[in-house]
Asker: 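The structure that follows is given in the form of structure tokens.
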Amino acid sequence: MAWIYLVVAGLFECGWAIGLKYTVGFTKLVPSLLTISAMAISFWLLSLAMKTIPVGTAYAVWTGIGAVGVAILGMFLFGESRDVMRVVCLLLIVSGIVGLKLVSPS
């Protein structure tokens with residue numbers, strides 16, 4: 001169950017990171033409330049996952065999911081670069097996340 005919490009926490013991290021763009025410096029009420037809510041849920045789920053997953057592994061996976069997810073969303077939502085090397089680097093992050101899951105004691 002801890003890994004499910006961690007993956008969902010990473011998805012909420014993507015949500016709040018993208019949400020920051022839409023808050024316009026926290027001047028837009030609804031996007032700001034949604035972003036803050038996503039932050040709280042993400043941190044809460046991360047804390048639940050860390051009850052059994054080692055802190056270093058949990059944090060690395062959480063930030064990795066967030067980094068890859070936000071980069072991919074940025075490509076689709078904001079027209080950010082889809083350069084081949086950028087995609088290769090994202091795949092390297094994904095391989096690191098998978099590797100951490102495979103070697104984790106939990």
Side-chain angles (χ1 to χ4, degrees):
M1 194 67 175
W3 283 97
I4 293 170
Y5 291 149
L6 186 56
V7 169
V8 175
L11 296 175
F12 272 96
E13 184 188 7
C14 296
W16 68 256
I18 292 294
L20 283 174
K21 178 111 173 138
Y22 292 104
T23 69
V24 190
F26 290 101
T27 61
K28 304 284 184 179
L29 180 62
V30 173
S32 296
L33 292 174
L34 291 172
T35 298
I36 291 167
S37 297
M39 286 176 176
I41 293 167
S42 181
F43 283 117
W44 176 65
L45 290 170
L46 175 62
S47 74
L48 292 178
M50 285 184 177
K51 287 182 178 181
T52 56
I53 299 171
V55 65
T57 299
Y59 187 74
V61 170
W62 181 69
T63 58
I65 291 169
V68 171
V70 171
I72 291 170
L73 287 170
M75 291 176 198
F76 289 99
L77 296 175
F78 309 121
E80 295 176 1
S81 170
R82 297 179 186 180
D83 182 76
V84 172
M85 283 309 298
R86 187 167 194 233
V87 173
V88 168
C89 290
L90 291 173
L91 291 172
L92 289 171
I93 295 171
V94 170
S95 68
I97 293 168
V98 171
L100 286 171
K101 167 61 175 127
L102 294 175
V103 300
S104 178
S106 304

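In this text, all values refer to a predicted model and were calculated from it rather than measured experimentally.
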Asker: Hey, are the side chains of L6 and L46 touching, using non-hydrogen atoms and a 4.5 Å cut-off?
Answerer: yes

Asker: Can you name the nearest heavy-atom pair linking C14 to V70, along with the distance?
Answerer: CA-CG2, 3.7 Å

Asker: When you measure from the side chain of T35 to the backbone N and O of P31, does any donor-acceptor pair fall under 3.5 Å?
Answerer: yes

Asker: Is there a path of hydrophobic side-chain contacts, each under 4.5 Å between heavy atoms, that joins I53 and V7?
Answerer: yes

Asker: Are the side chains of M75 and L90 in touch, meaning some heavy atoms are under 4.5 Å apart?
Answerer: yes

Asker: Write down the atom of A2, the atom of T52, and the distance for their closest heavy-atom approach.
Answerer: CB-OG1, 3.0 Å

Asker: Enter the distance from I36:CD1 to L20:CG here, rounded to the nearest 0.5 Å.
Answerer: 9.5 Å

Asker: Is W16 reachable from I18 through a run of hydrophobic residues whose side-chain heavy atoms are each under 4.5 Å from the next?
Answerer: no

Asker: Which heavy atom in G15 sits nearest to a heavy atom in A38, and how many Å separate them?
Answerer: C-CB, 4.5 Å

Asker: Quick one: pull up CD1 in I4 and CG in L48 and give me the separation to the nearest 0.5 Å.
Answerer: 12.5 Å

Asker: Within the 4.5 Å heavy-atom criterion, are W62 and F12 side-chain neighbours or not?
Answerer: no

Asker: Distance from K28 atom NZ to L34 atom CG, nearest 0.5 Å?
Answerer: 14.0 Å

Asker: Just how far is it from atom CH2 of W3 to atom OG1 of T57, taken to the nearest 0.5 Å?
Answerer: 6.0 Å

Asker: Applying ring-ring contact (aromatic ring centres under 6.0 Å, His included), name anything that partners F78, two or more places apart in sequence or on another chain.
Answerer: Y22

Asker: Who pairs with L33 by side-chain contact (heavy atoms from CB on, under 4.5 Å), at least two apart in sequence or on another chain?
Answerer: L29

Asker: Is there a path from V61 to L91 through hydrophobic residues (I, L, V, M, F, W, Y) whose side chains come within less than 4.5 Å of each other?
Answerer: yes

Asker: About how many Å separate CD of E13 and CD1 of I41, when rounded to the nearest 0.5 Å?
Answerer: 13.5 Å

Asker: Ignoring hydrogens and angles, tell me if any N or O in the side chain of S42 forms a donor-acceptor pair with the backbone of M39 under 3.5 Å.
Answerer: no

Asker: Can you tell me how far CG of L45 sits from CE of M50, rounded to the nearest 0.5 angstrom?
Answerer: 12.0 Å

Asker: Quick one: list whatever passes ring-ring contact (aromatic ring centres under 6.0 Å, His included) with F26, sequence neighbours left out.
Answerer: none

Asker: When you group the ILVMFWY residues by side-chain heavy-atom contacts below 4.5 Å and let the links chain together, are I72 and L77 in the same group?
Answerer: no

Asker: So if you build clusters from Ile, Leu, Val, Met, Phe, Trp, Tyr with side-chain heavy-atom gaps below 4.5 Å, do F43 and Y59 land together?
Answerer: yes

